[in-house]
Amino acid sequence: MKSRRDLEERARRALQLLLLQRHRKPGVKGWELKRSVGKNYLRVLEYLNEIIDSYGLHVRMVYEEGETTPDQARFLITVKDGIRMSEAISAGWRIDELAILAASVAYIASRQGSISSRELIRLLEVKFPSWFVEATLRRLVRYGYLERDGDTMRIGWRGKAEIDVSKLLELMIKMDVESEG
Amino acid sequence: MGRSKPMSKRKIAAARREVEKLIAQCRLTVKRGADPFQIDMKESLDKLRSFIESASSLDDIRLDGEALYDLSAVVESQDRWVRFRSSRLFVDPLFVESRVKATSNRILARILVSCWTPIASIDTLTQPALDLAIDYWNRLKPLKGRWSRFSRSSMEYLSLSFDEASKLGLLYDKGFDDILSDIEYHVKQLLSVKGRVEYSEIIGVENWVERVTRAYLLSFLISSGRIGLIYDPSTDKFYVTACSGSDQPRSIAISIGMGG
């Protein structure tokens with residue numbers, strides 16, 4: 001890369017690409033960034049990360065099924081430090097839906113990333129009416145938090161990008177079931 | 001390797017079914033991430049060995065190769081399973097299950113929110129979308145003109161001839177029972193040639209309306225028990241048979257593709 005100014009210019013271009021949603025899915029593929037920003041796009045993203053860090057944002061790379069190289073991966077900008085419960089509620093989420101998402105992701109992750117949808121539904125139906133489970137799972141699949149392949153359920157591309165699965169499992173272990181907070 | 005005593009046709013067919021079952025079991029185990037150690041490797045390989053020794057056709061050899069491939073996929077899955085269980089990420093699914101059951105929804109939601117970093121993105125209007133919107137606006141008739149289409153007076157005098165209604169698909173030339181009998185006759189003719197017919201072969205016609213109609217009629221015949229439907233896990237396809245093989249009624253959703 002020629003100069004700092006050049007790096008800044010490329011970072012600005014990368015930021016526009018990452019933020020502006022042009023397809024159904026947000027973010028861009030590595031090869032799209034390479035085409036627009038240049039072959040050193042990972043270095044540009046590192047620089048961009050340093051800049052947006054102060055605004056509480058973070059560039060994240062997500063691999064979907066069968067992808068192995070950064071060129072194939074999807075790059076997204078996510079919130080860095082999480083959000084508050086009140087913000088999630090005001091974004092249109094119900095507590096029951098969030099609970100279903102938490103339970104589904106944790107259960108799928110504990111089963112190596114894929115389970116039969118019947119097993120997941122059976123677990124969720126212990127706590128929620130079946131119509132609500134069906135409707136919420138359909139919504140989560142549509143948003144990309146979960147992925148349904150026939151009878152198999154996996155964590156979807158959005159779930160991988162937005163949820164820190166290892167932290168979720170850790171909190172599941174540590175949580176105090178008695179406390180209602 | 002010495003060849004064992006030749007098997008009877010019935011035994012070969014039974015062995016073939018066993019191998020097909022093994023293939024389906026291996027695929028399901030890998031796909032669903034179930035415990036791969038539930039498959040007994042030694043027993044499966046012994047089964048395959050005796051099958052290949054009595055193999056009589058090229059199809060049998062292909063089936064044996066397929067089974068070996070799927071068994072190797074299970075071994076790979078066993079390796080992943082061991083690695084995963086020894087990793088930091090591993091939590092017993094039963095433990096997660098019990099936690100989910102015992103915890104209130106509010107706590108579960110709070111846990112999720114604390115490790116949730118939503119995507120930041122901006123929805124924008126692109127140039128092609130803007131062009132499309134302008135084009136739509138220019139073609140749009142005034143509101144008065146559009147509403148007049150649905151005015152009470154025009155609704156009152158709306159009438160259709162039998163031919164017009166038939167063309168629109170609102171009326172059929174024949175009664176429902178006749179149409180049903182026609183498709184049943186067609187299916188039974190196909191079944192007289194071979195024992196089972198692939199579901200998509202029966203409904204697979206070019207015309208979308210005709211395809212949906214056939215799927216509807218077929219589901220009616222299957223539900224009433226006049227013909228049967230089976231699922232073959234080795235080919236991952238549904239087949240129509242002469243009669244229903246299952247006493248346990250259940251609902252199945254089959255995709256028939258996109259219509260246009």
Side-chain angles (χ1 to χ4, degrees), chain A residues 18-22 26-27 57-58 60 76-85 88 91 93 95-103 105-107 109-116 123-124 126-128 149-152 158 161-169 171-173 175 177 179-181, chain B residues 27-36 77-85 87-129 231 233 236 250 252-255:
Chain A
L18 288 163
L19 279 180
L20 299 180
Q21 187 173 338
R22 290 153 308 137
L57 298 170
H58 179 74
R60 186 161 285 185
L76 304 140
I77 292 186
T78 67
V79 172
K80 195 182 167 213
D81 300 317
I83 56 168
R84 274 180 249 151
M85 180 69 115
W93 287 88
I95 284 180
D96 290 348
E97 288 171 339
L98 292 171
I100 285 184
L101 180 57
V105 171
Y107 194 46
S110 73
R111 296 282 302 268
Q112 275 198 83
S114 65
I115 53 164
S116 122
L123 168 70
L124 297 172
V126 174
K127 294 180 73 102
F128 304 96
D149 174 17
D151 185 40
T152 308
R158 194 187 282 269
E162 294 188 358
I163 301 167
D164 185 343
V165 178
S166 54
K167 189 176 171 190
L168 178 73
L169 290 173
L171 289 172
M172 278 276 196
I173 299 167
M175 74 183 169
V177 252
S179 76
E180 283 289 319
Chain B
R27 285 182 187 169
L28 212 63
T29 305
V30 173
K31 194 176 172 193
R32 288 195 183 155
D35 182 357
S77 172
Q78 285 178 343
D79 176 57
R80 270 204 311 272
W81 181 269
V82 171
R83 278 171 200 266
F84 179 71
R85 292 221 151 201
S87 74
R88 204 173 68 87
L89 201 66
F90 175 71
V91 181
D92 195 326
L94 285 175
F95 180 77
V96 173
E97 208 176 315
S98 67
R99 282 280 155 143
V100 167
K101 284 176 186 169
T103 315
S104 75
N105 297 342
R106 185 167 286 277
I107 294 180
L108 279 175
R110 188 155 288 164
I111 286 174
L112 178 86
V113 167
S114 61
C115 45
W116 189 26
T117 52
I119 292 169
S121 72
I122 304 166
D123 277 326
T124 52
L125 191 60
T126 58
Q127 188 63 43
Y231 172 67
D236 195 25
R250 62 196 177 105
I252 302 166
I254 305 174
S255 166

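For the options A:Leu124, A:Ile100, A:Asp151, A:Asp81, heavy-atom pairs under 4.5 Å to chain B are most numerous at A:Asp151. Contact tally against chain B (heavy-atom pairs below 4.5 Å) for A:Asp164, A:Ile173, A:Asp149: the top residue is A:Ile173.
Only the side chain of A:Leu76 comes within less than 4.5 Å of a heavy atom of chain B; its backbone N, CA, C and O stay farther away. At a 4.5 Å heavy-atom cutoff, the contact between A:Ser116 and chain B is made by backbone and side-chain atoms alike. With a 4.5 Å cut-off on non-hydrogen atoms, A:Leu19 touches chain B through its backbone and its side chain both. Contact annotation for A:Ile83: both backbone and side-chain heavy atoms come within less than 4.5 Å of a heavy atom of chain B.
Here the CZ-OG1 distance, from A:Arg60 to B:Thr117, works out to 4.0 Å after rounding to the nearest 0.5 Å. Between A:Ile95 atom CD1 and B:Arg110 atom CZ the span is 7.5 Å, to the nearest 0.5 Å. The CD1 atom of B:Ile111 lies 12.0 Å from the CG atom of A:Leu98; values are rounded to the nearest 0.5 Å. Interatomic distance, B:Thr103 OG1 to A:Lys127 NZ, rounded to the nearest 0.5 Å: 6.0 Å. Atom-to-atom distance recorded for B:Leu112:CG and A:Leu168:CG is 6.5 Å, nearest 0.5 angstrom. Between the OG atom in B:Ser98 and the CE atom in A:Met172 there is a gap of 10.0 Å [rounded to 0.5 Å].
Among all heavy-atom pairs drawn from B:Trp116 and A:Ala88, the shortest one is CZ3-CB, 3.8 Å. Pairing each heavy atom of B:Ala109 with each of A:Met85, the nearest pair is CB-CE, 3.6 Å.
Every residue was checked against the side-chain hydrogen bond (donor to acceptor under 3.5 Å, both in side chains) condition with A:Ser114, not counting sequence neighbours, and none meets it. Here A:Arg158 pairs with A:Pro26, A:Tyr143, A:Tyr145, A:Glu162, B:Ile119 under the side chain to side chain contact (heavy atoms under 4.5 Å, CB included) rule; sequence neighbours left out.
A heavy-atom distance below 4.5 Å is not found between the side chains of A:Trp93 and B:Val113.
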